[in-house]
Q: 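The structure is given below, and queries will be raised subsequently.
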Protein chains: 2
Amino acid sequence: MEISSERLGDHSPATGPGSRGRYPKGVRRRQEIIDRSIEVFADVGFEGASLRALGEAIGVSHAALRRYFETREELFLEVLREKDRRTIFETPDGIYGALRLAEGLVEYATQVPGLMALRHSMVARALESGNEHSKRFFVDRYAAVREELAHHLSAARDEGIVRSDIPLDAMTALVVGALDGLSTQWLLDPSVDIYRGIDLLEGLLRPAVTHPLVS
Amino acid sequence: MEISSERLGDHSPATGPGSRGRYPKGVRRRQEIIDRSIEVFADVGFEGASLRALGEAIGVSHAALRRYFETREELFLEVLREKDRRTIFETPDGIYGALRLAEGLVEYATQVPGLMALRHSMVARALESGNEHSKRFFVDRYAAVREELAHHLSAARDEGIVRSDIPLDAMTALVVGALDGLSTQWLLDPSVDIYRGIDLLEGLLRPAVTHPLVS
DNA sequence: GTCTATACAGGGATAGAC
DNA sequence: GTCTATCCCTGTATAGAC
């Protein structure tokens, strides 16, 4: 989807000589930092992922990282952006299931454990006044996720899988929120069956065949 | 409710002379620290609430705080515990509405802004391996919240406000998760109407008679 | 352009004096 | 029970090598 790639697309290098665009090597290095960072998060969690630890894993000093990211916060946001790009926004449109995206969102949680902790931590920052970059990131991110989901739900409505008498925007916010909240509970305590919760929500959103709500 | 007060009840002082129980003055001081901390969070947010800042607000050095809390993490968990005690678990049983508790949970979010950021941050810690105190806190906390909500939903079922053909545990996990997730989206972007989402969920859980789900 | 070396302010944790 | 002094680590910032 265009909106997704636009909202969550690549950014130019943080600092550049002059201001004339992108620099292949710098961009590549920047991407390498992001990729390696994800691995480090998987290894030691985000709390152990100090700039010095990150630099050591990559083979550079911590100061070098700041050539590509103005601040630690910026680097972490790019890590989350990359993670979103890989999981949520690469899902093909309109697979059979409506809440197919749900599995993507859940998968998001399970794949690299440290990234969920990182996400919560960065949301925490975004909720505090003064961290405008984080705030903007998540405001846009959730808007993009909702829009992506709206696309899927709309298709699901055409297939008769999802009720048509519910406003899309309210539905998307609810579904995204439910998936987020269920994921958190499940990550904390695996005995909370997240899939039962998702199935329940999916059932609630399905057109009630036993009642004459929809013809 | 007994379970709540048991699970979220007071703890003994972290350190005590000998090991013979509670010490009024120590307990009082400890409570004062928690109360003042909440005020500091409201003022400067949790990021600015360093142990030194907290100590200064109370009038002691940062080292003194460790007489009452073994670690910063422990202090913050107690702040959250106190906040839960004040909002969620003081709601009287079985007011008319089923999702009456929902408003309490939402209110939780809005009252002291810094506390939601703190909660997210501590959940982040809980999701990382190695922070067993935080993890246990939130595992128990969410279990208690679900149980509290189950109590309300059960009463609501008797009143015919909530469908009786849905397992309580799946329903509670879904509702708690939805409220959490919606709150997050709303705190980030007030244009996301959290009450429409709650109303939608409430409508979905209502025994299907004829109600259209528009707002 | 890219990176190292280094300095700095602030954080939590801790030991020992009173 | 509270303090001061200290330790090590953090993110940030700057200077200068090549």
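Within every chain, numbering begins at 1; the chains are lettered A, B, ... in the order of the sequence lines, protein sequences first and strands thereafter.
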Q: Any ion pair linking B:D84 and B:R141 (charged N to carboxylate O, less than 4.0 Å)?
A: yes

Q: Between B:F69 (CZ) and C:dA13 (P), how many Å, whole number?
A: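 One finds 13 Å between P of C:dA13 and CZ of B:F69, rounded.
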
Q: Where the side chain of B:R72 is concerned, which of C:dA13, D:dT2, D:dT12 is the nearest nucleotide?
A: C:dA13

Q: Round to a whole Å and report the spacing from CD of A:E73 to P of D:dT12.
A: 8 Å

Q: For B:R52 and for B:R29, find the nucleotide of DNA chain D with the closest heavy atom, then tell me which residue's nucleotide is more 5'.
A: B:R29

Q: For A:Y142 and A:F137, what are the C-alpha separation, side-chain angles and deciding distance, and is it a ring pair (Phe, Tyr, Trp, His ring centres under 6.0 Å)?
A: CA-CA 9 Å; A:Y142 274 107; A:F137 174 85; 9.3 Å; no

Q: For C:dA13 and B:T71 - does any side-chain N or O of the residue sit under 4.0 Å from the phosphate oxygens OP1/OP2?
A: yes

Q: I need the CZ-P distance between A:R66 and D:dA13, as an integer number of Å.
A: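 To the nearest whole Å, that distance equals 5 Å.
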
Q: Remember a base hit wins even if backbone is also touched, and classify A:S61 as base, sugar-phosphate or nothing at under 4.0 Å, heavy atoms.
A: base

Q: I'd like to know if B:E128 and B:K135 make a salt bridge, using a cut-off of under 4.0 Å between side-chain N and carboxylate O.
A: no

Q: Whole angstroms only, please: what is the CD-P distance between B:E47 and C:dG10?
A: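 About 16 Å, once rounded to whole Å.
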
Q: Can you tell me whether the side chain of A:H62 and the base of C:dT4 have a donor-acceptor pair closer than 3.5 Å?
A: no

Q: Please confirm whether the shortest side-chain N or O distance from A:Y68 to OP1 or OP2 of C:dC3 is below 4.0 Å.
A: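 Checking C:dC3 against A:Y68, a side-chain N or O does come within under 4.0 Å of OP1 or OP2.
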
Q: For B:L51 and D:dC3, give me the distance from atom CG to atom P, rounded to whole Å.
A: 13 Å

Q: Tell me the interatomic distance from B:F46, atom CZ, to C:dG11, atom C1', rounded to whole angstroms.
A: 13 Å

Q: Specify the separation, in whole Å, of atom CE of A:M122 and atom P of D:dG11.
A: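 Those two atoms, CE and P, are 12 Å apart.
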
Q: Whether A:D180 and A:R119 form a salt bridge (side-chain N of Lys/Arg under 4.0 Å from carboxylate O of Asp/Glu) is what I want to check.
A: yes

Q: Decide, yes or no, whether a salt bridge links A:R86 with A:E82 under the criterion of side-chain N to carboxylate O below 4.0 Å.
A: yes

Q: Figure out the CD/P separation between A:E32 and C:dT2, and round it to whole Å.
A: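 Going from A:E32 (CD) to C:dT2 (P), I get 13 Å.
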
Q: From C-beta outward on B:A63, which listed nucleotide comes closest to its side chain: D:dT14, C:dT4, D:dT4?
A: D:dT4

Q: Counting only side-chain heavy atoms from C-beta out, which of C:dT2, C:dT4, D:dC3 sits nearest to A:R67?
A: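 The listed nucleotide nearest to A:R67's side chain is C:dT2.
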
